[in-house]
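Okay, structure first, notes after.
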Amino acid sequence: MKTFTYSRAESPEAAVAAGGRFIAGGTNLLDLMKLQIETPEKLVDISRLDLARVERRGDGGLTIGALVPNSDLAADPQVIADYPVLSRALLAGASGQLRNKATTGGNLLQRTRCPYFYDTAMACNKRDPGAGCSAMDGFNRNLAVLGTSAECIATNPSDMAVALRALDATIVTLTSDGDKRRIAIGDFYRLPGDTPHIETVLRPGELITHVELPAPPAGAQGYRKVRDRASYAFALVSVAGVVAVADGKIVSAALAFGGLAPMPWRDAAVEAALVGQVPNDAVFAAAADALLAGAKGHGANDFKIPLARRTLIATLRTLTGAVA
Amino acid sequence: MSDFTMNADHPGLAMDRGVQGVLGAGLDRSEGALKVSGTARYGYEHLVEGEVAYGYLITAPAAKGKVTGIDTDAARALPDVLDIIVDDPRIPRQAAAFGPAHAGNDEIDHWDQVVGVAVATSFEAARAAAKAVRVHVAIEPGHFDTMADIDKASGPPKDSRLQDIAKGDIDAAMAQAAVTIDQVYTTPNHVHAAMEPHASVAIWEGDSLTLHSSLQILKVARPVLAKALGIADDKVRILSPYIGGGFGGKMLGPDAVLAAIAAQKLGRPVKIAMARRQLFHNVYRRTDTNQRIRLAATEDGKLLAVGHDSVVSQGPDGGFMEPVALGSISLYDAPVRHFSHKVVTLDMVMAGAVRAPGEAVGTLALETAMDEMAEALGRDPIDFRKLNEPKVDPMTGAPFSTRGLVACLDRGAEAFGWAKRSAQPGQVREGEWLIGMGVSAAVRINLLVDSEARVTLSPDGRARIETDMTDIGTGSYTILAQIAGEALGLPMERIDVILGDTDLPPGAGSGGSFGAASAGSSVALACEDIVATLAERMGAKAQDMTLKDGHAVAGNRRVPLAELVGDAPLVAMGKISQGSNARTFSQAAHGAQFAEVAVNAVTGEARVRRMLGVFEAGRILNAKLARSQAIGGMIWGIGYALMEEAVLDQRHGQFVNQDLGEYHVPSHADVPPLDVLFLEEIDTHANPIGVKGLGELSISGAGAAVTNAIYNACGVRVRDFPLTLDKILAGLPEM
C-alpha cells in the first residue's frame, strides 16, 4: 500500500469536486491497494453520503442509491417481490460479511478475479497495458470464453451486475463537471479490445449515484450460479433470466450471463431464438447455440462452453415450466 | 520423577480409579471464552514493552536462479523505514531445517523465496518498503513437473519412517488373479491454510532471545531457531500459548528467524506476520502425489495382493517424504503386498507435513480402489472390506493393540442407513440431483512421543500443570486438566494449566495426533507421585484411598487435600517415553466414514448432504472436544475430495491461487450435518492412559467416502483429485 491522502465527502457534488478515487465498502479496492495494483494518491470516502435508500418511482420502477449495501438490497421487500432475480443474484455473491460491506455502486466497479491480475510478478495487460497476458496460456479456468481479445480474457466477477443486465438497469452518475448522466447498463461496460485496463465508460472522477430499475418486468425470474463450492466462490457460469410465457409461447425473454465474458453478457440473438417459440429443449438448444456460436476456450476453461449450454437449457426449463 | 517407558502396559493409574467424574465428560474448552471474546492473546498480538518495529518479508519473484543484485535504495527512502536487511548470512532459504546449510540469499531455489526483511515503524510502511525492494535474479529454467522427471527419482530417504516394503510377487499375483484393479490416482499440492498466519515477535535482552510465536512443537522449534541464529539453545525462550491453526505447518517459519535477526540488529523488538500470499511459497507444502493402486482378488472376494506405489515431490533441501502408503500397509489382509515411494526433486518450496501426512491422500486412492474392486466383484463395499479383515498385522504378523475397523463399519452401516443404498449407480434421483452413498475405511497409525510434565499441588489445594505442550485448538488445556482432576480428585476450577513455554518441562507438542496420548500420559504419571505422597500422609495404600472434591478419603477419615499438603507444595514430574510396545503391537486407530452426496445432473456440481464418521480411537478424554476434532477432520476430507488444490503454474513454478478466496476449502454452506460416533476402547498397549490419536484419523477416508458416493450417485469415476465439477461433467450424458 502506498501512502495516500484521505478525505470524507459531505455531498455527491463535493465528492466529484474533490477529484480523487472514491471509496465506500472498500471490499475490493483495499485488497488491490495492499497489493499495489491500485495506487490512488487521494481517497475520497463517500460512504456517509445520503445514497443508501431504495425508493419506488412514479413509473413503478425502483431507484437504488449507490451506497445501498448488497445485503440490504437483497433483503429489500420491493426487490424480493418485484425483482427476485436481483435478490437471488446478490445473495449468490461473496460471503455474508462482504455483502454487508459491499455497496451497489462498488459492486458494479469491482475488478476481475483473474489470478494473474492479482500477481504483480506476472504480466497482465489490464494491470500494466502492453505487458502481455499470463492467463492466455496459464491457469485460465475461471476466465472468459466470450467477448475476449488477444490482450485479455478476464471475466467480470459480479453476480449483481448480471441480474441488472437482465433487468435493463440504468446507471445514474454525476460527472466531474457536476452534470448528471444516465447510462444504460448495456452501454456501461467495455469489452477489452486492446485497452483491457479501461473497463467502463465512466470518465475520470465520475461518481455513480444511483441505479434505476424499470417497472417490474412480466414473467418468471431466476438466477442460477454454478460454482466450485456452495458459497464464497465466483461464478464459473451464471444465468439471470426473465422469461414470460403466454398461450404456450415465449413472449419475452431477457437473459444475461456471468462467468463467461469480460462484462455481464447479453446477446440479442439468444432472446430472438426464444421469443415466439413454444418452450422446449430444441428451442432452448437453439438459444444456447446462438449464445455460444462465438465462444472460444483457452484450455482450462474449455468446460465452460458445455457448462453454459447445459445451465442455460436447465434455467429455461425452470423459467418456462418446460419439462425435459 | 514418575518415569515410564512403554515397554509394557502400565499396571494401573490413579486416574483409572478416580471418581471425580470429569474424565471423558463433554466439558467446554477452558480457554473458549477467551477465544470467542478476542482476549486470548496470540503470538503476533503480544504487546511488548517499549517500541516495537514491524518487519515484512522481502521475496524474490523467481523459482530458480542466482541473485545478481538487490536494490534497496528506493525502499530505504520511504517514510518510516528503519532498515532493509538483505545481507545477513543467516537469512533462511527454505521453509524449514534452518541453519548454515540452508541459509543465504544468493541462490534462488523456489518461487517467492525470502531474501530479506524490511523493517519500519508501522506494518504498512514495512509492507510498502518490502515491495519497493528490487531483487534482480538471473533466472534459470526450473523443474516443476513431478512426472516429467520420474527418471531422476530417488527412493525413500534413509531416515524416512517408511521404506519400500514388499511380500511376494505382485506382478505374478496380478497376472494370475481372477479380478484385478490397476489404476493411477493423483492428488495436487496442498497448503495448510490456517486462519492465523505464521507470525512472531522477537525480543532480545542481552544475548537472550524471547520469541512470542505460533508454533506446534516447542522442543523442536527451539534448537532449530538457535541453530539458524548461531546461538545456544538455552539462549532461546519460545512462548506459544495459542495457535490459530497449524495443521503441521507451524514448526518454525522464516518469520521467527527474521524477526530475531531484525530485532537483534535494531536493538528493539520486531514483529513479523507473513502475508497470506507468502505463506503459499514459504511454508512447506504437501506434495502432489501420483499413486498406483493394484488389487488382485479371487472371484469370491478374497484379496490376493495389495499394491500402493507412489511418486511424490520434494524441494531441493527437503528430507521429508510424504508417507503415502502409511495407512495402507496394515489395513487389509492379502498374502502379496507391495508398497513403495519415489521422490522427485523440484525447484519448489520443500514438501512437509500437512494434515495427516500419508493417510489423508493415501486413503483417497486406496479406498477409491477398494470401492472399484467391490463393484468389480459385485460385492457390497462393506462386506468386501470385512471379508479382508486381518487377524494380525498382515505385514509384520504382530498383534493389533486394538482393532475396531469392522465394528466401526457395522455400527456406521446401521446408523447411516447403508442398507438403503442402491448397489447400482445413478438410480436415485430428486429433480436434477442424483443421490448416492459412499463408504471408506479410516486408518491412522498411532504414535507416542516422549513427553514431560510437572504437576504441583499447592497448600491451597489447587493443582498446577506445567509443560511446553501446546494447544493447537484441539483442547490440550482442557483434557490435561481433566486427567489431573480425575487422578487428584479435584474439580476443574481448581486446576491451572500452563502450556506453550520452553521454560517448562518439554512436552510432546501438537502434531501427528500424538499430543493427547503423550502429554496426557506425562500428566497422569506425575499425578501418580502426588497420589502416592498423599496416600503416605493419609497412612493408607493409594489403592485404598479415594480422592474427590479436594478431599482424600481412606478408612473412616475424610481430609482436605490442603491439610495433607501442608506448608510446602507437592511437586511431581511425570515422563512418558516411547518403548517396545510400539513394535510388539501393531498400533493404529480405525474408523468408518459414510457420505451421502448429491450430484447435479446438469452441472456436475457435487454437494455433500450428510456424513457419519464412526471412530475407534482408544479412550475419549472429552466427548465434546473429540467430536469437534472429528468434525473438523471430516470437513478437511470434504475439501480434499471436492475442491482443495494449490494450482501450480508449470511455466514459472508458482502457485496461482494464492489467497483463501481462490484456494478453496469448504465454506459453511459446503458442510452438511455431520454425525460422529465413538466406539471407545481403552488401548492399554498404546500408552498409560489408553488414548489413540484422533484428529488425523477423522480426515482419513472422509474424502474417499465422498468420492465413492459421487460414483454411486452418477456413475462417474474420477481419479484425479479434487473432483471439481468439470471432471464430473465430462462423464455425464448429454442433456
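Looking at B/A601, only its backbone comes within 4.5 Å of chain A, counting heavy atoms on both sides. For a residue to count as touching a neighbouring chain, one of its non-hydrogen atoms must lie under 4.5 Å from one of that chain's; by this rule A/F234 touches chain B with the side chain only. For a residue to count as touching a neighbouring chain, one of its non-hydrogen atoms must lie under 4.5 Å from one of that chain's; by this rule B/V647 touches chain A with the side chain only. Only the backbone of B/L660 has a heavy atom closer than 4.5 Å to any heavy atom of chain A. Residue contact with chain B, scored on non-hydrogen atoms closer than 4.5 Å, is absent for A/D302.
Of the listed residues (B/P61, B/A730, B/G661), the one with the most heavy-atom contacts under 4.5 Å to chain A is B/G661. Of the listed residues (A/S134, A/P115, A/A233), the greatest number of heavy-atom pairs within a distance under 4.5 Å of chain B belongs to A/S134. Options A/A94, A/S95, A/A285, A/A314 differ in how many heavy-atom pairs under 4.5 Å they form with chain B, and the most are formed by A/A314. Of the listed residues (B/R607, B/H652, B/E662, B/E432), the one with the most heavy-atom contacts under 4.5 Å to chain A is B/R607. The candidate with the highest count of non-hydrogen atom pairs below 4.5 Å against chain B, out of A/R141, A/K2, A/K304, is A/R141. The greatest number of non-hydrogen atom pairs below 4.5 Å with chain A, out of B/R651, B/H668, B/E124, is found for B/R651.
For NZ of A/K101, the number of neighbouring non-hydrogen atoms (other residues, nucleotides, ligands) closer than 6.0 Å is 12 at most. Surrounding NE2 of B/H136 are more than 12 heavy atoms belonging to other residues, nucleotides or ligands, all under 6.0 Å away. Within a 6.0 Å sphere centred on CG of A/D289, heavy atoms belonging to other residues, nucleotides or ligands number more than 12.
B/R277 places a side-chain heavy atom less than 4.5 Å from the side chain of A/L35. Under the 4.5 Å side-chain criterion, counting only non-hydrogen atoms from C-beta, A/F303 is in contact with B/L725. Using a 4.5 Å heavy-atom cutoff, the side chains of A/R309 and B/M735 are not in contact.
Applying a 4.5 Å heavy-atom cutoff, none of the residues of residues 23-32 of chain A approach chain B.
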Exercise. Given A/D119 and B/Q658, is the side-chain contact (heavy atoms from CB on, under 4.5 Å) satisfied, shown in steps?
Worked result: CA-CA 9 Å; A/D119 187 346; B/Q658 308 171 46; 3.1 Å; yes
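How far CG of B/D726 is from CG of A/L236: 8.0 Å, rounded to the nearest 0.5 Å. Between atom CZ of residue A/R310 and atom CG of residue B/N600 there is a gap of 9.0 Å, rounded to the nearest 0.5 Å. Taking CG of B/D649 as the start and OH of A/Y116 as the end, the distance is 3.5 Å to the nearest 0.5 Å.
Nearest heavy-atom pair, B/W111 versus A/A121, reported as atom, atom and distance to 0.1 Å: CZ2-CB, 3.7 Å. The two residues B/E605 and A/R227 come nearest to each other via the heavy atoms OE2-N, 3.5 Å. When every heavy atom of B/A669 is checked against every heavy atom of A/S231, the shortest pair comes out as CB-CB, 3.7 Å. What you find for A/R224 and B/T603 is that their closest heavy atoms are NH2-CG2, 3.7 Å.
With hydrogens and angles ignored, the 3.5 Å screen pairs no side-chain donor or acceptor of A/R229 with any backbone N or O of B/M643.
Every salt bridge (Lys or Arg N to Asp or Glu O under 4.0 Å) that B/D288 has, sequence neighbours left out, goes to B/R285.
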